[in-house]
Amino acid sequence: MSMDPSPMTMPMSDPNAWATAMNNLGMAPMGMTGQPLMSDFDSGLGMMTGIAPMNPMMPGLGYVPPPPLPQDLPIVKEIIHCQSCTLFPPNPHLPSPAMRERPPGCKTVFVGGLPENATEALIVEVFGQCGDIIAIRKSKKNFCHIRFTEEFTVDRALFLSGYRMRLGSSTDKKDTGRLHVDFAQARDDLYEWECRQRMYAREERHRRRMEEDRFRPPSPPLIVHYSDHECSQLGDKIKDEAVFAEAVRVLLTWVERGEVNRRNANNFYSMIQSSNSHIRQLMSQKATHEKEMEEAKDKFKSALSGILAQFEQIVSVFHAASKQKAWDHFSKAQRKNLDVWRKQAEEIRNMQNEELMGIRREEEMEMSDEDMEDTHNPDQSGPVSQAEALKEENDSLRCQLDAYRNEVELLKQEQGKNQEHTPPQHSEEDACRQQQLTFLQQALQGMQKQLLKMCEEMKQREAEMEKTVEDKQQLESQVKSLKEGLQGLKTLTTHTPQVSNTHTQHMHTLQLYSLVSLSPSSGIISTFLHVHPFGASIEYICSYLQRLNTKINTGEVDALLGRLPCTFKQELTGVGASLEKRWKFCGFEGIMIT
């Protein structure tokens, strides 16, 4: 539907009604020709200061959104006279009709309750005053859809909801109707709103990308490809300490790219060799820095010692001033100041002493760690090395105990001297020294307990070592007796070859005898395996023996069974993943055969 955008000129029978309606909308009421209809219009109701009043019927007004209405301003609806009809306001006491939720980007309204004789020209005459109309879709059932050019014009059209329309002066039912204006959901409005939202999203992404590009750190410089000229320059840069890091980065990139081949392998080798020679410079720099650090530590310790000596002198001055000879000559305020200064000096001195002692303890710990590393012998293992470590630890603990004892004695002597020469006002200092003394005594008792515990552990280790030596000697004597028995059996077989069967009997008998003589647990194993004719695993045997003796382990039992092949034999049972090694008792097999 095409419409003439030129302003409509129509006579108004009652201009005050239209002026009141526009006043409720927050606009300066203007006539059709542009003259103001109300001389006493209050511009503070919604008009912005400094802006001339606008005619709502002038072309292009739809592109300027109206100012917001105050929340507490009551809306008063008056009679509106148009050229072809008259609009009567609804009853203000009736409740407002139900309205649907506003769709996003809504520019279309639904108008119901139109008179049956209403035409499109009449609709344009009434709703065209709200804003520019794009299209009107009228139905035969007394309703229509009106689409405006701007979204805010929909609010103006909703103002007419509830008005009763009468065509001319006719009272016929077909010429009257009560308007109901509501939001309408149109696909065109939704499409335009979605396009606008996508445009906003694109602008936001572009803005964020620009911000990220602005704050992104610059990319590293490009590394050139390998060439003979670049290789010669890079070799000179690697030898230069100032640009060594950059040159090594270029060399690493070339190697990772695969620039090395048979023709330039020598050049790469020389550059890598130059990089390796730089290690000596780095080590010398490290040694220089360590030397500087040690010198700085020594300088700091010497300066701190000098400061502590001066503190001691200051504290001794305060102590001398606190004696009875000089203390009586000072006034009460002077004594108070002297007491405060003495306490502050002693606190600072104690703090500095603790700091210096902490530095010395750290140095002693470092030196002890270095000594332990130097004296550690990797060939020594087992209880011998543990015993030596315990001895060294005992020695260090004894030294620490001696140091604590000396410190306690010095504190006691100093406390006795102070009690002889100090006035009765020094009770706080005595309490502090008594507390330090108790702490040192507690530390001394703890060190003594630890020393006793370490001595007991050392005695236990020595007893275990003696026991292992005795067991070893016993096993050697048993093995020696077994060898002599085997040698006697061999001599018997060489003299009488007919007694081969008896030889096997003697072998089994000797095995059984050695089985009992080697270990008491071997007889238990033979009895256990004799009860299990299909054999048993080494773990099963050990679990049975550990019920009798918890010190037995799997390795000892396996070695014992392996030493007696004529009494015990090992077989593999099962297939595939269920393959298992089992020990069987075979001591009576030779005797049964004979």
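Computed over heavy atoms, backbone and side chain alike; hydrogens, waters and symmetry mates excluded.
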Assess whether atom [atom1] of [X] is packed by more than 12 heavy atoms of other residues, nucleotides or ligands within 6.0 Å.
X    : atom1 : result
R249 : CZ    : yes
M293 : CE    : yes
E580 : CD    : yes

I'd like to know if [X] pairs up with [Y] as an ion pair, taking the criterion as any Lys NZ or Arg NE/NH1/NH2 lying under 4.0 Å from an Asp or Glu carboxylate oxygen.
X    : Y    : answer
K459 : E457 : no
E295 : K299 : no
K336 : D339 : no
R102 : D155 : yes
E246 : K237 : no
D213 : R216 : yes

Looking at [atom1] of [X] and [atom2] of [Y], how far apart are the two atoms once the value is rounded to the nearest 0.5 Å?
X    : Y    : atom1 : atom2 : value
Q450 : Q445 : CD    : CD    : 14.0 Å
S305 : Q310 : OG    : CD    : 11.5 Å
Q197 : E192 : CD    : CD    : 12.5 Å
K467 : D471 : NZ    : CG    : 6.5 Å
K472 : L475 : NZ    : CG    : 10.0 Å
I307 : E355 : CD1   : CD    : 9.0 Å

Sidechain-backbone polar pair: [X] side chain, [Y] backbone, donor-acceptor under 3.5 Å:
X    : Y    : result
E571 : K584 : no
W254 : V224 : yes
T468 : M465 : yes
R582 : S537 : no
N553 : E556 : yes

pair [X]-[Y]: side-chain heavy atoms closer than 4.5 Å:
X    : Y    : result
W193 : L190 : yes
N267 : Y226 : yes
C231 : N264 : no
E312 : N353 : yes
L251 : F268 : yes
R335 : W327 : yes
Y544 : I525 : no
F568 : L560 : no

Given side-chain contact (heavy atoms from CB on, under 4.5 Å), test E259 with T253 step by step and report yes or no. CA-CA 9 Å; E259 303 278 358; T253 306; over 6 Å; no
Take Q285 and H289 through the test side-chain hydrogen bond (donor to acceptor under 3.5 Å, both in side chains) and record every step on the way to the result. CA-CA 6 Å; Q285 291 178 4; H289 291 308; 5.3 Å; no
Could you go through T567 and L561, starting from their C-alpha distance and side-chain angles, then the distance that decides it, and tell me whether this counts as side-chain contact (heavy atoms from CB on, under 4.5 Å)? CA-CA 8 Å; T567 307; L561 296 177; over 6 Å; no
Please test E292 against K286 for salt bridge (charged side-chain N to carboxylate O under 4.0 Å, His left out), starting from the C-alpha separation and ending with a verdict. CA-CA 10 Å; E292 292 176 357; K286 181 184 175 184; over 6 Å; no
Test side-chain contact (heavy atoms from CB on, under 4.5 Å) applied to M283 and I279, step by step: CA-CA 6 Å; M283 295 303 294; I279 295 175; 4.2 Å; yes
As a test of understanding, state which of R214, R207, R208, R209 forms a salt bridge (Lys or Arg N to Asp or Glu O under 4.0 Å) with E211.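 Of R214, R207, R208, R209, salt bridge (Lys or Arg N to Asp or Glu O under 4.0 Å) with E211 is met by R214 alone.
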Would E346 and R342 satisfy salt bridge (charged side-chain N to carboxylate O under 4.0 Å, His left out), going step by step from the backbone distance to the final call? CA-CA 6 Å; E346 288 178 352; R342 178 184 57 78; 3.4 Å; yes
Among all residues two or more places apart in sequence or in another chain, which pass the ring pair (Phe, Tyr, Trp, His ring centres under 6.0 Å) test with H278?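 Once residues adjacent in sequence are excluded, the partners of H278 under the ring pair (Phe, Tyr, Trp, His ring centres under 6.0 Å) criterion are F244.
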Please state whether the rings of Y540 and H532 are parallel, tilted or perpendicular, taking 30° and 60° as the class boundaries.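 Answer is perpendicular, since the angle exceeds 60°.
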Tell me the closest heavy-atom pair linking [X] and [Y], and the distance in Å.
X    : Y    : answer
A247 : I238 : CB-CG1, 3.7 Å
F528 : I541 : CE2-CG1, 4.0 Å
A320 : A326 : O-CB, 4.3 Å

M210 vs H206, test: side-chain contact (heavy atoms from CB on, under 4.5 Å). Steps then yes/no. CA-CA 6 Å; M210 294 295 291; H206 179 69; 3.8 Å; yes
